[in-house]
Amino acid sequence: ASSDTATGLLVDQLNGSHEEQRTAVTSLRQLCTQAKAQQAIVSGGGVGSLVSVAKGERTEGKTKQDAAFALASLAASEHAATIAGSGAVDVFIDALQFGVPEVTEAAATSLEQLVMHKEGKAAILAGGVGASVGLLEDKSEAVQLSAVSVLQRLAEDGEGQDAVGEAGAATSLVKLT
């Protein structure tokens, strides 16, 4: 089922009915662990479609989570730059609201990957600094470490330093020590 043709059909289903989207997202989440499938998803336009499904107002929570996991797999691959410029940062920021530890960890790790790219850094500065600071309060040490990495990368220039400071990172960072 990981052939380019099958993956392409699943990508096409992302633009279908809610049921087709749910089925496609669930399958793509599983396939995203394979490099060949990742390439087929990216080259077939699946990134934008996954982002659209994840942001859909009528999309169910489980489907949004699966879309976030699929995008997280792509963010951790050679396709991170594509993901950074796709709107996926907003998906990861929204995913933090689910309150599901595995989703939070995947989203935090993805933000850590995407902040390394110009588009990802800009997107996090535009709407994810507060959420990144909030991750410093998470119970998971892995999530906290990802948040510290994101904030460190953001604070490499004046604009980022201002944004991190305005988001109240200092208090949360002191609590970690």
Side-chain angles (χ1 to χ4, degrees), residues 25 28-29 32-35 37-39 41-43 45-56 59 64-177:
V25 168
L28 290 171
R29 175 185 175 186
C32 272
T33 61
Q34 303 169 20
Q38 290 175 349
Q39 180 59 47
I41 292 166
V42 171
S43 64
V47 173
S49 296
L50 280 166
V51 169
S52 293
V53 169
K55 289 182 171 182
T59 304
K64 287 184 180 207
Q65 288 177 32
D66 284 343
F69 276 122
L71 289 165
S73 292
L74 293 168
S77 74
E78 65 188 54
H79 306 290
T82 301
I83 302 304
S86 71
V89 167
D90 294 336
V91 171
F92 298 129
I93 292 167
D94 291 345
L96 299 173
Q97 307 307 312
F98 289 125
V100 178
E102 295 82 15
V103 176
T104 300
E105 187 167 340
T109 301
S110 296
L111 291 172
E112 182 179 10
Q113 295 290 325
L114 299 181
V115 75
M116 304 302 274
H117 301 275
K118 180 177 151 184
E119 298 87 353
K121 184 176 182 179
I124 295 169
L125 279 171
V129 178
S132 297
V133 170
L135 292 174
L136 295 171
E137 304 287 334
D138 196 89
K139 293 176 183 171
S140 165
E141 187 174 310
V143 170
Q144 292 172 351
L145 289 172
S146 290
V148 168
S149 289
V150 168
L151 296 170
Q152 178 181 9
R153 183 70 178 197
L154 291 175
E156 290 178 347
D157 60 46
E159 178 187 5
Q161 290 170 2
D162 291 345
V164 170
E166 289 171 11
T171 302
S172 297
L173 286 167
V174 169
K175 287 180 186 177
L176 289 178
T177 58

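Sequence positions, counted from 1, serve as the residue numbers for this chain. Side chains included, hydrogens not; waters and symmetry mates left out as well; all remaining heavy atoms used.
- Nearest heavy-atom pair, Ala80 versus His117, reported as atom, atom and distance to 0.1 Å: CB-NE2, 3.5 Å.
- Leu71 has its side chain out of reach of Ser110: every pair of non-hydrogen atoms, C-beta onward, lies at least 4.5 Å apart.
- For the atom pair OG1 (Thr33) and CG (Leu28), the distance works out to 11.0 Å, reported to the nearest 0.5 Å.
- Shown here is Glu137, whose CD atom has more than 12 heavy atoms of other residues, nucleotides or ligands within 6.0 Å.
- Checked by atom type and distance alone, the side chain of Lys118 never pairs as donor or acceptor with a backbone atom of Ala84 at under 3.5 Å.
- Residues Val115 and Leu111 form no side-chain contact, since every pair of their non-hydrogen atoms from C-beta on lies 4.5 Å or further apart.
- Looking at residues two or more places apart in sequence or on another chain, you find no side-chain contact (heavy atoms from CB on, under 4.5 Å) involving Lys139.
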Donor-acceptor pairs under 3.5 Å, side chain of residues 86-106 to any protein atom, not counting sequence neighbours: which ones?
from: Ser86; atom 1: OG; to: Ile83; atom 2: O; distance (Å): 2.7
from: Ser86; atom 1: OG; to: Ala88; atom 2: N; distance (Å): 3.2
from: Thr104; atom 1: OG1; to: Val100; atom 2: O; distance (Å): 3.2

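- When all heavy atoms are compared, the tightest approach of Ser172 to Val133 is OG-CG1, 4.1 Å.
- Here the shortest heavy-atom pairing between Arg29 and Ala70 reads CA-CB, 4.0 Å.
- For the atom pair CG (Leu145) and OG1 (Thr109), the distance works out to 10.0 Å, reported to the nearest 0.5 Å.
- Distance check: Leu50 CG to Asp66 CG gives 10.5 Å after rounding to the nearest 0.5 Å.
- A side-chain hydrogen bond (donor to acceptor under 3.5 Å, both in side chains) check over residues 70-83, counting only residues at least two apart or in different chains, returns nothing.
- Minimum interatomic distance between Ala54 and Ala67 (heavy atoms only, all atoms of both residues): CB-CB, 3.8 Å.
- Sorted by first and then second residue, the side-chain hydrogen bond (donor to acceptor under 3.5 Å, both in side chains) pairs involving residues 140-150 (not counting sequence neighbours) are Glu112-Ser146, Glu112-Ser149.
- Considering every non-hydrogen atom in both Ala167 and Val129, the closest pair reads CB-CG1, 3.6 Å.
- With sequence neighbours excluded, the residues forming a side-chain contact (heavy atoms from CB on, under 4.5 Å) with Val148 are Leu136, Leu173, Leu176, listed by chain and number.
- Evaluation of the salt bridge (Lys or Arg N to Asp or Glu O under 4.0 Å) test over residues 155-166, restricted to residues two or more places apart or in two chains, returns Lys121-Asp157, Arg153-Glu156.
- Considering all non-hydrogen atoms of both residues, Gly85 and Glu119 come closest at CA-CB, 3.8 Å.
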